[in-house]
**Student:** 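Below are the structure tokens for one structure; questions will follow.
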Amino acid sequence: MKFYLEVWRQNGPDRAGKLEQYEANEIPAEASFLEMLDIVNEDLAKKGIEPIQFDSDCREGICGNCSLTINGVPHGIGRGTTCQLYMRKFRDGQIITIEPFRADAFPLERDLVVNRAAYDRIMQAGGFVSERAGSAPDANSVPIPKVVADQAMDAAACIGCGACAAACPNGSAMLFVSAKVTHLGLLPQGKPENDRRVLNMVRQMDAEGFGNCSNYYACEAVCPAGIPASVIAHMNRGFAFASIKESIGVTV
Amino acid sequence: MTLDSKIPAGPLDKKWTSYKNTAKLVNPANKRKFDIIIVGSGLAGAAAAATLAEQGYKVKCFCYQDSPRRAHSIAAQGGINAAKNYQNDGDSVYRLFYDTIKGGDFRSREANVHRLAEVSNLIIDQCVAQGVPFAREYGGLLDNRSFGGAQVSRTFYARGQTGQQLLLGTYSALSHQIALGNVEMFPKSEMMDLVVVDGHAKGIVVRDMTNGEISSHAGDAVLLCTGGYGNVFYLSTNARGCNVTATYRAFKRGALFANPCYTQIHPTCIPVSGDYQSKLTLMSESLRNDGRVWVPKKKEDCAKEPKDIPEDARDYYLERKYPSFGNLAPRDISSRSAKEVCDEGRGVGPGGLGVYLDFADAIKRLGKHVIEERYGNLFEMYHNITDENAYERPMRIYPAVHYTMGGLWVDYHLMSNIPGLHVLGEANFSDHGANRLGASALMQGLADGYFVIPYTLGEYMASQFGKKVNPDARPFVQAVEDVKARVEKLLAINGTRTVDSFHRELGKIMWDKCGMARDKQGLEEALRKIPKLREEFWKNLKILGSPDGINMELERAGRVADFLEFGELMCMDALSRNESCGGHFRTEFQTPEGEALRNDSEYDYVAAWKYEGEGNAPTLVKEPLVYEEVKLSTRSYK
Amino acid sequence: MTDVFFAKKFTAGCLTEHSLAELMRTFTVMISAPSQSRSGPHPIFLWLLSSIGKKTIVALTGIVLLAFVAGHLAGNFTIYLGRDWLNWYAAHLQSLGPMLWIIRLFLLGVLVTHIFFTMLLWHENQAARPKKYIASDPVGTSVFARTMRLSGLVVLAFIIFHLAHFTVHLINPQFSHMEAMLDGHQVHDCYGMVVLGFSSLPVVIIYVVGLFLLTCHLSHGIGSLFQTLGLTNRRLHKMIELATRVIAWILYFGYISIPLSIITGIVK
């Protein structure tokens, strides 16, 4: 197969960037999108052009490192990450535009590589259960209804790739934050810290410069882990109660 | 040189308890004075970083990914073992211990494995308390599944994403400690060298992958939790970034590398479809419960559509060779059998490297809906990758490199022969012997990080009061200069070949000669080919761009340069071990029926290799394996 | 916490110079960066300044405006009962006197708040995505969601027109002088005014278009407020989205039925 690529090239955070045109020749239909880029990069290197820099690691859809926006859609068409997108999904001879994940809170480092440390900082603000190794009671001492455990697992499946914020026209990270708030908030182990967690994580999210949720649901549409937007409602509810409790001095 | 494994005295099941009762402690006020360097943020690294920080140590944690949450532990699917016996099916610490020793083909250290089994239960408690959403029964209690080889159900799981959920648990604990200021995290920082001061590991040199800056970090102890070296084969189920550099650099600084030839090949992966391929995808082994493995009897039939090959022209080779276990033969055996039939030219699919895994009978017997219920997500994944419908056409599978049991040599305290250098998780060699059982890798990583190193690190730290090293001392400056020189050297070659082309070539040599089956001739051939390839690498490599800033070719080149040396070590180890055991199968050493033939009288030892300087062959140091509790026996699956 | 701090100072009844300095310090902290410590701003400000807080304001004001839209339609429907009913309804509203002005000011305040916060949010959202995609694909979003700002601003213009038309009588000054008899009293002939007002085709078109954009606005807005206030879950989500569309279109057809039935001569 043959493709005409338009790839965002930018030689550093403070440099100007632009789309460059490259041809991708003799691409097997069974190749993944990233393998297609590997082939293009080998060709570029042979021609003396610096290869396109892009992130990837596990290449099986779970690490959340790949961060390409393909024809305007983070991770491209279909559910799953960029590494799980196969070239047979494209038309032979198609023009494919590849841009980095765009959000003010994800500063661009080079070409298609963006810095998603903001997500780590949000997690540090409250995405945990304060528990010390060695202090845990027996695992079966608190039964958790299967339905609750399953719902928590649905939310916990988030891979932290950043596609939600990249797809959101507002650059909002609400799906990411609420997935963690919902996961821990549903489980009895996470409940004691629910109020503090949601308040701190939302404040950190705001401080990072993410936008506000306008309920576009683009996040839900591109999420490779299939996190439902209803987790956002769950967090909004929790945030409201936590704010009220904080305002009247019930929560510290 | 003799190796002291520092195994405590006393009966096997009392060793860990008596060790803990008498281990040296460091009081909280003093812990604050110690800086611990941890490289890697997977299950072992993140768990160790969080736990040591909870105890009061000052921790610096480094990882090459852009976030600790992306370490490759995340990709583990199946589950994690523990001897909880929640199913009341007769499980016990002893049984988990015994299964692991036996699974490892009697090439692991008894005391370490027993300790692993002992702490396994604590891991599950810890993870549940962190909010890991393990699968539950309707009553709200934890669910278990059975897994490869064991006769009890002791595997805890979170859908098909157990590794992810456990890693996110350690990541949350780590994040908490980062927020408290007890851990300083350095993402996108690749360890390039170990700094040894007066014989003690006291620091590392890292390259900041974002701006190319090379700097050294001093500490009071160094913990390597850097995973395995499966990517020496180029194609494996490992992540693209997984590499041997950290452990290999430590090896070159004097740490012993143990059992490098022990690699695990997983039988059910999606076959390679072409040269461009960068990664092999694992499919759960559970598929073999209902699928039948076959290839055509005649080579001529291989190109035919499977439905056009009549029943009597098919060779269900696992059922033929192992009538009692059939398609459920263990990983190493079924992997090897697949290779054999493909070597005979009877493989199917592109390049003849694949065998059929056929569900037609199961669908006929159980109905499509049952198969869909059991394996729907796997069939979907297979369809996404191969564009083939496995309900109608048999799946094609082929073995792939999955895990490496070898690693840096460590004693009972997880400390290598370099004082201060500790090695955890897949990066060390200690618990899985020659073959790892399913659902044990997660268990070992977390055991080392949460429940072993927090007790054993004190042993070393207690001897280090007032021995802070000067971070500007000569060894640090020298190590930084060496690393810079190496980076410049790589960029200055300016040849014609890309990094990946060298890596692919090395991978092919390793897979052909040091893969599922090995023999003397092939290994010797590899030992001739690898140095030549390495020589070409240093003459003909081409890397564009600058050392400052993101340059992924440069990152890969450094890793491949180490693989090109390490591959040779693997082959040497494989050549010196004149027996077959677990993941190491030497075709010269097999029973008349084609089974692995162990040689316990001569090879029941840990092969630890010592670096002897540039251009010199490494020397072999043996740690004899002493079995006090178990009797060595031969595995049979006929 | 600040409120505790204030309480302590004032109950002690001695606001000394020393404590004034302390108070100033507290204020400085209050307006500085968000903080997790107890000396930060009062939580109510933190809530108001948070993204979710601002959205909650938009949702709550949206509920009031939605209630007004629905109530207004119910009132309008009296037109179908005949001249006397509508005139009675109008006269009744007028008789509220100062209360009417309180309601009007309240609604105006709600409207201004609604617009102010949406504009504030929009401004922040622009900053959060300064760089747009060159190849853009609004995957997963609805056209109503994407056009909220446009539809909102058109609706605002429409409201101004509507007030100028039927409340201030700027467009047809003779509306002020239309009178009718109701129970022996002389009242403003609202019915006649509406019928006269909607006998002009351009006016009807303005209403049909303006109300259409209100419908678009509500098609996203109603469901959105459930999501923002957290009054939904995975199962309810689809039902709420459907109900949103149904309600928005019921309101639309309800509203446009009046000008349409006047211009087509059904109501005379």
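Residue numbers start from 1 in every chain, and the chains themselves are labelled A, B, ... in the order their sequence lines are given, proteins ahead of strands.
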**Student:** Only pairs of heavy atoms separated by less than 4.5 Å count here; which of D66(B), I124(B), T281(B), T51(B) has the most with chain A?
**Tutor:** D66(B)
**Student:** Is the side chain of Y382(B) donor-acceptor paired with the backbone N or O of R396(B) at a distance under 3.5 Å, no angle test?
**Tutor:**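 Yes.
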**Student:** Checking V148(A) against chain B: side chain, backbone, both or neither under 4.5 Å from a heavy atom?
**Tutor:** neither
**Student:** Report which part of I27(A) has an atom under 4.5 Å of a heavy atom belonging to chain B: side chain, backbone, both, or neither.
**Tutor:**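 Contact with chain B involves no heavy atom of I27(A) at all.
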**Student:** Given a strict heavy-atom distance threshold of 4.5 Å, which part of P145(A) is in contact with chain B: side chain, backbone, both, or neither?
**Tutor:** backbone
**Student:** Which atoms of N115(A) are under 4.5 Å from chain B, going by heavy atoms: the side chain, the backbone, both sets, or neither?
**Tutor:** neither
**Student:** Measure distances from D38(A) to the heavy atoms of chain B and classify the residue's part below 4.5 Å as side chain, backbone, both or neither.
**Tutor:**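 Side chain only.
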**Student:** Taking S189(B) for its side chain and P187(B) for its backbone only, find out whether a donor-acceptor pair lies under 3.5 Å.
**Tutor:**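 Judged by distance alone, yes, a pair lies under 3.5 Å.
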**Student:** Please classify the contact between A155(A) and chain B as side chain, backbone, both or neither, with a heavy-atom cut-off of under 4.5 Å.
**Tutor:** neither
**Student:** Between C158(A) and chain B, which part of the residue has a heavy atom less than 4.5 Å away: side chain, backbone, both or neither?
**Tutor:**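 Both parts, backbone and side chain.
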**Student:** By a 4.5 Å heavy-atom criterion (distance strictly below it), what part of D150(A) contacts chain B: side chain, backbone, both, or neither?
**Tutor:**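 Answer is both: backbone and side chain atoms of D150(A) are under 4.5 Å from chain B.
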**Student:** Indicate yes or no: does R70(B) engage D120(A) in a salt bridge with an N to O separation below 4.0 Å.
**Tutor:** no
**Student:** Check the angle between the aromatic planes of F106(A) and F210(A) and answer parallel, tilted or perpendicular using the 30° and 60° thresholds.
**Tutor:** perpendicular
**Student:** Parallel, tilted or perpendicular: which one describes the rings of H75(A) and F101(A), with boundaries at 30° and 60°?
**Tutor:** perpendicular
**Student:** Taking R121(A), K146(A), K180(A) one by one, which has the highest count of heavy-atom pairs under 4.5 Å against chain B?
**Tutor:**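 Result: the option with the highest number of such pairs is K146(A).
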